[in-house]
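Before any comments, here is the structure.
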Protein chains: 2
Amino acid sequence: MTRNGRGHSRDDVVRAAGRLFASRGYHGTSMRDLGRELGLLGSSIYSHISGKQDLLVEVVERGATLFEASARTALARPGTSAERLGAFISGHLDVVLDHVDEARTFLNEADALEPESRTRVLAARDHYEAALRTLLEQGIADGSIRADLDPALAGIFILSVVNAVERWYRPQGRLDRPAVVDEITRFVAGGVA
Amino acid sequence: MTRNGRGHSRDDVVRAAGRLFASRGYHGTSMRDLGRELGLLGSSIYSHISGKQDLLVEVVERGATLFEASARTALARPGTSAERLGAFISGHLDVVLDHVDEARTFLNEADALEPESRTRVLAARDHYEAALRTLLEQGIADGSIRADLDPALAGIFILSVVNAVERWYRPQGRLDRPAVVDEITRFVAGGVA
DNA sequence: CCTACCGATCGGTAGG
DNA sequence: CCTACCGATCGGTAGG
């Protein structure tokens, strides 16, 4: 990724930051690293942003928005609660696999945020977890999920599985994405049914 | 953690490093931070070790050893493969909850290792995953696990759940450890049976 | 384990 | 977006 003579947009900078934050972490990324990624000097980045922390906030917030939108879509879906749970899982995987950098940074680098934005991000994460919990409770109510299941705990288990997917999934691997979605859904369905 | 007049052992230094690496990450921890944690100057640490990277290697290797020992015990356990799977999960949780710093650093900071030790650690992780896979295959062979289960994938799912426990488990929380072990075992059993 | 440093690198700024 | 910097901090060393 070098210059092309047309300069860089703010969005270019944020996306490049996402790439580096996702792969080396916030503390492991210097402004000069980011400059190199964009084909310019570290100091030149400050014409686009006002500080390194801004970049982290923006990348993490993009991740949060993607997850929120995915949850909203899954919850609004007509059909059985089992279908909505499937849609939630599949939507989550789409975020995690199609927006690796934002998702990873959102999931792993929240601790590097300053208190104010960190609080906002943790609240967004809680909200997302609550959406999944609601869905599981609907499943218990309509009988498609076993009644002795702890919805809060099951929600955490499910998120543990889907969050980790980007750590091992390889697009060229043995299984394609629908197969992975299917295996996870069956694994989870067995665990909650 | 301040001085007590008796000085510090190398083990004190490694354990303090584990604490900081686990909570702030390797790149987020400076030698001066570590000095402060021990009640001495950053430069004084070099009388115990020869470099920051040494500390990371040692903490990560302690984590690896703990997980390996736990797997060996679970696999050697007499009884059904279902009991061995339960022992594996429960042993993993013991490592993750009783040795948070080493486990966390082993699981999250391997990327900060230099190539040689990084390779060794990834091999240890593969070995651990292979042990779990073997166990699941035994379960398929003896009929206690459904035959259409993908043992490699199921192993990853199980590890995703148990690795994440230290992120949310609170000893003073609603559930005690045996209850958590039980919920996970039932969740997993449902997913594989 | 401290004093007193080293060169390198950090995030960031002034001025063009 | 570059030049030319700033003070602070980094990992680490020499010598006691």
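Chain letters run A, B, ... following the sequence lines, proteins first, then strands; residues in each count from 1. Below, all heavy atoms of this structure are taken into account, side chains as well, without hydrogens, waters or symmetry copies.
- Checking B/Asp11 against B/Ser9 by side-chain atom types alone, no donor-acceptor pair falls below 3.5 Å.
- Taking a pair to require two hydrogen-bonding distances under 3.5 Å in either a Watson-Crick or a G-U wobble arrangement, D/dT9 pairs with C/dA8.
- Look at CG on A/Leu34: it is 17 Å from P on C/dT9, rounded to the nearest Å.
- Of the candidates C/dC1, D/dG11, C/dG12, the closest approach to any side-chain atom of A/Lys52 belongs to C/dG12.
- Whole-Å rounding puts the B/Tyr46 OH to C/dC1 P distance at 15 Å.
- In this structure, the CD atom of B/Gln53 is 15 Å from the C1' atom of D/dC10, given to the nearest Å.
- The shortest side-chain heavy-atom distance between B/Leu113 and B/Glu109 does not fall under the 4.5 Å cut-off.
- Placement of B/Leu66 and B/Val100 in two distinct hydrophobic clusters is found when ILVMFWY residues are connected by side-chain heavy-atom separations under 4.5 Å, directly or transitively.
- Among the atoms of the strands shown, only primed sugar atoms or phosphate atoms (P, OP1, OP2) are found under 4.0 Å from some heavy atom of A/His48.
- B/Lys52 places none of its side-chain heavy atoms less than 4.5 Å from the side chain of B/Leu34.
- When distances run from any side-chain atom of B/Ser30 to the nucleotides C/dT3, C/dC1, D/dC10, the shortest one goes to D/dC10.
- Checked against D/dC2, D/dG11, C/dG12, the side chain of A/Arg32 finds its nearest nucleotide in C/dG12.
- Nucleotide D/dC2 forms a Watson-Crick or G-U wobble pair with C/dG15, both donor-acceptor distances falling under 3.5 Å.
- Distance NE2 (A/His27) to C1' (C/dG11): 13 Å, rounded to an integer number of Å.
- Using a 4.0 Å heavy-atom cutoff across all strands shown, A/Gly51 reaches sugar-phosphate atoms only and no base atom.
- The distance between atom CD1 of A/Ile45 and atom P of C/dG12, rounded to the nearest whole Å, is 11 Å.
- The CG atom of B/Leu40 sits 14 Å away from the C1' atom of C/dT3 (whole-angstrom rounding).
- Residue A/Ser44 has its side chain nearest to D/dC2 when only C/dC2, D/dC2, C/dG11 are considered.
- Put simply, OH on A/Tyr26 is 12 Å from C1' on C/dC10, counting in whole angstrom units.
- For A/Leu41, whose side chain is taken as the heavy atoms from C-beta onward, the closest listed nucleotide among D/dC1, C/dG11, D/dT3 is D/dT3.
- For an aromatic pair to be called close, the ring centres must be under 6.0 Å apart, and A/Phe88 with A/Tyr128 satisfies this.
- Atom CE of A/Met31 is separated from atom P of D/dC6 by 20 Å (rounded to the nearest Å).
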